[in-house]
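Below you'll find the structure, written out as structure tokens, and then a few comments.
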Amino acid sequence: MSKVKVLFRMLSLVKPLAGFMLLAVTLGTLGFLTAQFIPVLGGYAVLEGLGIETGLTYGTIVILLLVFAVLRAIFRFSEQRTNHYIAFTLLAIIRDRVFGALRKLCPAKLEGRDKGDLISLITSDVELLEVFYAHTISPICIAIVTETIMCIFIGSFHPIPGFVALAAFLIVGVALPVIVSKRSGTLGDDLRAQSGELSAHMLESIRGIDESLQYHGGESRLSEITEKTNELVKRQGVLSRLTGTNTALTNTFIWLSDLAMLLVCLVLYNSGAVGFEGLLIPVIALMSSFGPVTALSALGTTLQSTVASGARVLAIIDEVPETEDVTGKDKISFEDVAAQNVTFGYGEETVLKDVSLEVDRDEIVGIVGKSGCGKSTLLKLFMRFWKTKEGRMEISGRDINDINTNDLRDMESFMTQETVIFKDTIANNIRIGKLDATDEEVAEACKKASIHDFIMTLPDGYDTQAGELGSTLSGGERQRIGLARAFLHNAPFMLLDEPTSNLDSLNEAVILKALKESADNRTILIVSHRPSTMCIAKRTLSMDGGRVS
């Protein structure tokens, strides 16, 4: 997406707040005009002192100066407050859309992506858009309106000073930002990309700090972090130098413009085309009028990073999910499941080839096979995380692509190999399986997962904090929490991927007993390498080379 398209897309998000944007532009324009006319009124006071008729008395000028000073503060405060209300409201809307997009993209489109880069996108990239919405859109509009009024005012003394002012405003507010923007090229895009890479590398380094210490990899990781940081600092330095150059050029052109206005007005005064007021007031007016366009002069560099962040955010929002949510279909009840001649692969690699199986209601079926043969993939296809390349996945005889997404999720409980634990209480981590579950229901699910007794030994019981990523829990405890979620969800179809891999034989036996007892009212498809886990299966299927036998 080109930078221009990104800008227009970002602008389109302002439509719901167009009224507030108009208010911000009005307040900003009035704020700058009151500030600019304070020195102009001083010029009129000088003219009055020289005995030149201006139509304003000293008393009127003093009153106007006081009023303009107070109004300037009021208008400025109100404009900033309105702009920031617009910005932070839009950021909330954008965050909502980003998280909505991420929900639809996962897990298919997010597997394999750097989590640190995603964190950078949903934090710093979104935050950087505040600059665009609070300090870019309305300042551009304010500059256009304000400087147009000032050109008309200066031109009212003589057209030539008016054109000089117009040229000065266009050079400082338009030409210089465009030149600096072209000079910076793709620097903003590169800067945001490198920032995301550094975030991803830092997150990976923090998660792997134990391994780095154990195998003496700390120096290597630190060297890599230092190298990436230095590259980022180097690019930031280039951007800073461009910003400094831009500021120097802006101040130089402002000085030259003021000098040009003075010379033009002197020539007009000496030729008798204007009086002394036509010499003094246009010069003062121009000198006091560069505030709005000076704000625009910095956009040539700041917009680079802002547009780059906007492009990254919009790319996530616009990305097409692997599977769309299904709505509007007739609700069905669970009877059985089947895979009919299913072929599926990741990219060019075929994982499943012409797979067919049927699982009846209230039946426990086990699937065994070597790692990488497609066992976990088959479970994910039943969850409709991906679409099959060929064939179809069925529930109750209906293609799962024709089942409402919410209904499909209600009929299925999926336990993955790695249970994700959130930084919350143990009770709330289990309640993910059923958000409105009572304490009694949570406890019952934990008893089936053989973790209730352990939880009750903790100081705060079910209110104990699990820590970040379940850092306070062992692998087996995290796995049993995942199984408790599945029991709490109480779906008629359970898909279990290595549910006992981290458990000792005693806990495995308790859980298998609970699974077998629950099979009277649910269907279970279980994947495991452990022969002991397969003992509860009514029948066991073997997968090899992407085929089921």
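Quick note: residue numbers are just sequence positions, from 1.
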Next item on the list: Find out whether Leu33 and Met150 are in side-chain contact, i.e. whether some heavy atom of one side chain is under 4.5 Å from a heavy atom of the other.
Entry: yes
Margin query: I'd like to check Phe153 versus Ile281 (side-chain heavy atoms, cut-off strictly below 4.5 Å). Are they in contact?
Written below: yes
Notebook entry, point to check: Does any non-hydrogen side-chain atom of Asp399 lie less than 4.5 Å from one of Met393?
Noted result: no
Next item on the list: Could you tell me whether Arg431 and Asp439 make a salt bridge, using a distance below 4.0 angstrom between a side-chain N and a carboxylate O?
Entry: yes
Check: Between atom CE of Met287 and atom CD of Gln36, what is the distance when rounded to the nearest 0.5 Å?
Finding: 14.0 Å
Check: How far does OG1 of Thr26 sit from CZ of Phe75, to the nearest 0.5 angstrom?
Finding: 10.0 Å
Checklist line | Atom pair CD1/CG of Ile171 and Leu166 - distance to nearest 0.5 Å | finding: 10.0 Å
Check: Should we say atom OH of Tyr58 is surrounded by more than 12 heavy atoms from elsewhere, each under 6.0 Å from it?
Finding: yes
Next item on the list: Carefully, step by step, assess Asp330 and Arg398 under the rule side-chain contact (heavy atoms from CB on, under 4.5 Å).
Entry: CA-CA 11 Å; Asp330 294 334; Arg398 182 187 292 185; 4.0 Å; yes
Next item on the list: Kindly give the heavy-atom pair with the smallest separation between Cys265 and Val274, and that separation in Å.
Entry: O-CG2, 4.3 Å
Notebook entry, point to check: Any side-chain heavy atom of Leu71 sitting closer than 4.5 Å to one from Leu30?
Noted result: no
Check: What pair of heavy atoms forms the shortest contact from Ile154 to Ala285, and how long is it?
Finding: CG1-CB, 3.8 Å
Check: Is the backbone of Leu266 close enough, under 3.5 Å, to the side chain of Asn270 for a donor and an acceptor to pair up by distance?
Finding: yes
Margin query: Quick one, Phe290 and Asp258 - any side-chain contact, counting heavy atoms below 4.5 Å?
Written below: yes
Check: More than 12 non-hydrogen atoms from neighbouring residues, nucleotides or ligands closer than 6.0 Å to CZ on Phe385, yes or no?
Finding: yes
Next item on the list: Starting at NE2 of His489, measure out to CZ of Phe414 and round the result to the nearest 0.5 Å.
Entry: 12.5 Å
Next item on the list: Go through the steps for Glu324 and Thr405 under the test side-chain contact (heavy atoms from CB on, under 4.5 Å), then give the verdict.
Entry: CA-CA 9 Å; Glu324 297 281 358; Thr405 299; over 6 Å; no
Next item on the list: Ignoring hydrogens and angles, tell me if any N or O in the side chain of Ser271 forms a donor-acceptor pair with the backbone of Leu268 under 3.5 Å.
Entry: yes
Margin query: Would you say that Asn230 contacts Lys234 through its side chain, given a criterion of any heavy-atom pair below 4.5 Å between the two side chains?
Written below: no
Notebook entry, point to check: Are there more than 12 heavy atoms of other residues, nucleotides or ligands under 6.0 Å from atom CZ of Phe8?
Noted result: no
Next item on the list: For the pair Phe20 and Tyr85, name the ring-plane relationship: parallel under 30°, tilted 30 to 60°, perpendicular over 60°.
Entry: tilted
Next item on the list: Establish, yes or no, whether the cationic atom of Arg72 lies under 6.0 Å from the six-membered ring centre of Phe77 and within 45° of the ring axis.
Entry: no
Checklist line | Contact summary for Asp463 and Thr425, nearest pair of heavy atoms | finding: O-CG2, 3.5 Å
Notebook entry, point to check: Do the side-chain N and O atoms of Asn406 and Asn404 include a donor-acceptor pair separated by under 3.5 angstrom?
Noted result: no
Check: How far does OG1 of Thr82 sit from CG of Leu27, to the nearest 0.5 angstrom?
Finding: 5.5 Å
Checklist line | Separation between CD1 of Ile317 and CD of Glu319, rounded to the nearest 0.5 Å | finding: 11.5 Å
Check: Counting N and O atoms only, with roles assigned by atom type, does the side chain of His158 sit under 3.5 Å from a partner on the main chain of Leu279, one being a donor and the other an acceptor?
Finding: no
Check: Do the non-hydrogen side-chain atoms of Pro292 and Phe169 ever get within less than 4.5 Å of each other?
Finding: no
Margin query: Show the nearest heavy-atom pair for residues Ala437 and Val442, with the distance to one decimal.
Written below: CB-CG2, 4.2 Å
Check: Which heavy atom of Ser413 sits nearest a heavy atom of Asn490, and at what distance?
Finding: OG-N, 4.2 Å
Checklist line | Ion pair check, Lys329 and Asp407, cut-off under 4.0 Å | finding: no
Note to self: Is it true that Arg76 and Thr34 share a donor-acceptor pair across their side chains at a distance under 3.5 Å?
What the structure shows: no
Next item on the list: Verify side-chain contact (heavy atoms from CB on, under 4.5 Å) between Lys5 and Leu314, making sure each step is shown before the conclusion.
Entry: CA-CA 11 Å; Lys5 287 184 178 179; Leu314 291 173; over 6 Å; no
Next item on the list: For atom CZ of Arg97, decide whether the heavy atoms of other residues, nucleotides or ligands shown that lie under 6.0 angstrom number more than 12.
Entry: no
Notebook entry, point to check: Would you say Ser138's side chain and Val25's backbone share a donor-acceptor pair under 3.5 angstrom?
Noted result: no
Atom pairs and distances, side-chain donor-acceptor, residues 42-53, under 3.5 Å, sequence neighbours left out:
residue : atom : partner : partner atom : Å
Glu48   : OE1  : Thr54   : OG1          : 3.2
Glu53   : OE2  : Gly55   : N            : 3.2

Margin query: Under 4.0 Å between a side-chain nitrogen and a carboxylate oxygen: does that hold for Arg103 and Asp325?
Written below: yes
Notebook entry, point to check: Where do Val326 and Ile403 land on the side-chain contact (heavy atoms from CB on, under 4.5 Å) test, with the steps shown first?
Noted result: CA-CA 7 Å; Val326 178; Ile403 299 176; over 6 Å; no
Check: Just wondering, more than 12 heavy atoms not from Lys423 lying within 6.0 Å of its NZ?
Finding: no
Checklist line | Atom of Pro39, atom of Ile284 and distance for their closest heavy-atom approach | finding: O-CG2, 3.4 Å
Note to self: Under a 3.5 Å distance rule, please check whether Arg384 uses its side chain to pair with a backbone N or O of Thr323 as donor and acceptor.
What the structure shows: no
Check: Would you call Val6 and Met10 a side-chain contact if the rule is heavy atoms closer than 4.5 Å?
Finding: yes
